[in-house]
Amino acid sequence: MESRAYLLQALSPLHVGTGRSVGVIDLPLMRMRATGIPIVPGSSLKGVLRDSRKHDSDKARSDAIFGPRREKPGPEGDQPGEYAGALVVGDARLLALPVRGFVGTFAMVTSPLLLALARRDWGGRMGGGEVPGPVAPLAKYQARVASLKNSACLYRHDGQPRVYLEDLDLEVENKDDSVLASWAEVLGRALPSEERDMLMRRLVLVDDETMSFLWETATQVDTRVSINPETGTAAQGQLWTEESLPAETLLMGVMAATRAWHPERKLEAGEVLSEALGGPGTMLQLGGKATVGRGWCRLLSWQSGGSEGRR
Amino acid sequence: MNGQTREQLRAIHAYQCVRAVPPGIRADYKPRVHGLGASVLRDGLAAALTFLEREKKADERAPLETNAAMRLLSDLAKSLEKAPIPELKRRLATMSLPDAVRELKLEEYMLATRETLRLVVWFRRAVQATFKDSEQTRAQ
């Protein structure tokens, strides 16, 4: 089985939710159970990828990659098929969260834990080279940037660099982090050329404690209302809140593939992965609330060099 | 370990508070409970509490009986006193909740934010379960 890491870049707020909740937010985001990290489940992405290929005339090729279509929707259609799909789509996990700041407009905030999980996804190698090493740990409520000189998010107070993220005023270590710079450079390679220096200028590493607070409290919360068609005013009791990942969020996951099992369509694992990932920066609409502009994403990967991991 | 989960303790306290809200201010209390969580997430805990605090009227004689915002602040303060945030508990002995929160250090501020969000969940549930539809209430 071959695998390839992918990036999802949200171009508009992204709402992939769990359905109605009795919590603080009526329609919260889907998150990993143990860590609370926001995710886009592989099932959502796979369905959208399949849907994006539905106009292809080569139905057998699509079925070879994604699996045979079910005869009936829902659990009733979950019958054993003649062959399995060749593609395995893993969940996309938060990698960097855009957080508004007093200085530099916004920062792309990540943490040692998120980068360690990304390293695991890459399996030690990414397209064309080695994955950057683990970043050095941080003290609580501290931050670090790739380059003090080039960062767009720093403010110096009495010589001490700081970042102002939402409500949080964090001290920044007074030294460059070359490993973080490698991360910014490698992640940036998946982005369109005009955006490649964004991470070098905006990536801010914070400790895991601070990061978990941010992914709980720095998501986008929108209040929405139904309008009563009779009166043109807000309908009684029809006010609700929705949570989204803000535009510019980066998520990371893994796609894996075997050779195709379709009796008439022979595809190698690498072809399956290339087909699933599409061209550079494939546009997709993921999650709910599509008609109000939610969920526009770029699907990005590192395809140069062709050194997928093997599992 | 006291034999109950933290969620149980929050729920017990929230239901006690909500059941004791005078009928005359329930219509104002409910939307404030419903809006508080989103306000904390959007603006931060200190700003969200200050938003409630602005409802304080200098000439009000019994604000907890007649002022829904003050009542909610008082209910939250009583809940947060019991939370394992020693610095907040110490300050609440002599300060109002918004004052105490404004003075917290970052670590306690984060804990207080998270604790408030968990509490608000139970206040929302208690309000939905306790206040009858027939009572005059604003849309959420």
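The sequence lines fix the lettering, A, B, ..., with proteins before strands; numbering per chain opens at 1.
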Within this structure, what is the [atom1]-[atom2] distance for the pair [X] and [Y], rounded to the nearest 0.5 Å?
X        : Y        : atom1 : atom2 : value
A:Asp167 : B:Tyr109 : CG    : OH    : 4.0 Å
A:Ile25  : B:Arg124 : CD1   : CZ    : 7.5 Å
B:Leu106 : A:Leu170 : CG    : CG    : 6.5 Å

(message) Check this for me: B:Lys57, atom NZ, are more than 12 non-hydrogen atoms of other residues, nucleotides or ligands nearer than 6.0 Å?
(response)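 It does: B:Lys57 NZ has more than 12 such atoms within range.
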(message) Surrounding CZ of B:Arg6 (heavy atoms of other residues, nucleotides or ligands, distance under 6.0 Å), is the total greater than 12?
(response)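 Not buried by this count: 12 neighbours or fewer within 6.0 Å.
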(message) Test of understanding: with side-chain contact (heavy atoms from CB on, under 4.5 Å), list the residues that count as partners of A:Thr223, not counting sequence neighbours.
(response)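 Scan of A:Thr223 (side-chain contact (heavy atoms from CB on, under 4.5 Å), adjacent residues dropped) gives A:Leu239, A:Thr241, B:Arg42.
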(request) Mind listing the closest non-hydrogen atom pair of A:Val221 and B:Ala38 along with its distance? (result)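 Residues A:Val221 and B:Ala38, closest heavy atoms: CG1-CB, 4.0 Å.
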(message) Using a 4.5 Å heavy-atom cutoff, which residues in residues 92-102 of chain B come close to chain A?
(response)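 The residues closer than 4.5 Å to chain A amount to none at all.
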(request) Determine which residues belonging to residues 110-122 of chain B lie within contact range of chain A, meaning some heavy atom pair is under 4.5 Å apart, and list them by number or answer 'none'. (result)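 Listed by number: B:Met110, B:Thr113, B:Arg114, B:Leu117, B:Val120, B:Val121.
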(message) Between A:Ser21 and chain B, with a heavy-atom cut-off of 4.5 Å, which part of the residue counts as in contact: side chain, backbone, both or neither?
(response)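 Neither part.
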(request) Keeping to residues at least two apart or across chains, list the ring-ring contact (aromatic ring centres under 6.0 Å, His included) pairs with something in residues 135-173 of chain A. (result)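 Passing the test, one end in residues 135-173 of chain A: A:Tyr155-A:Tyr164.
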(request) Go through the steps for B:Leu41 and A:Val24 under the test side chain to side chain contact (heavy atoms under 4.5 Å, CB included), then give the verdict. (result) CA-CA 9 Å; B:Leu41 291 174; A:Val24 167; 4.2 Å; yes
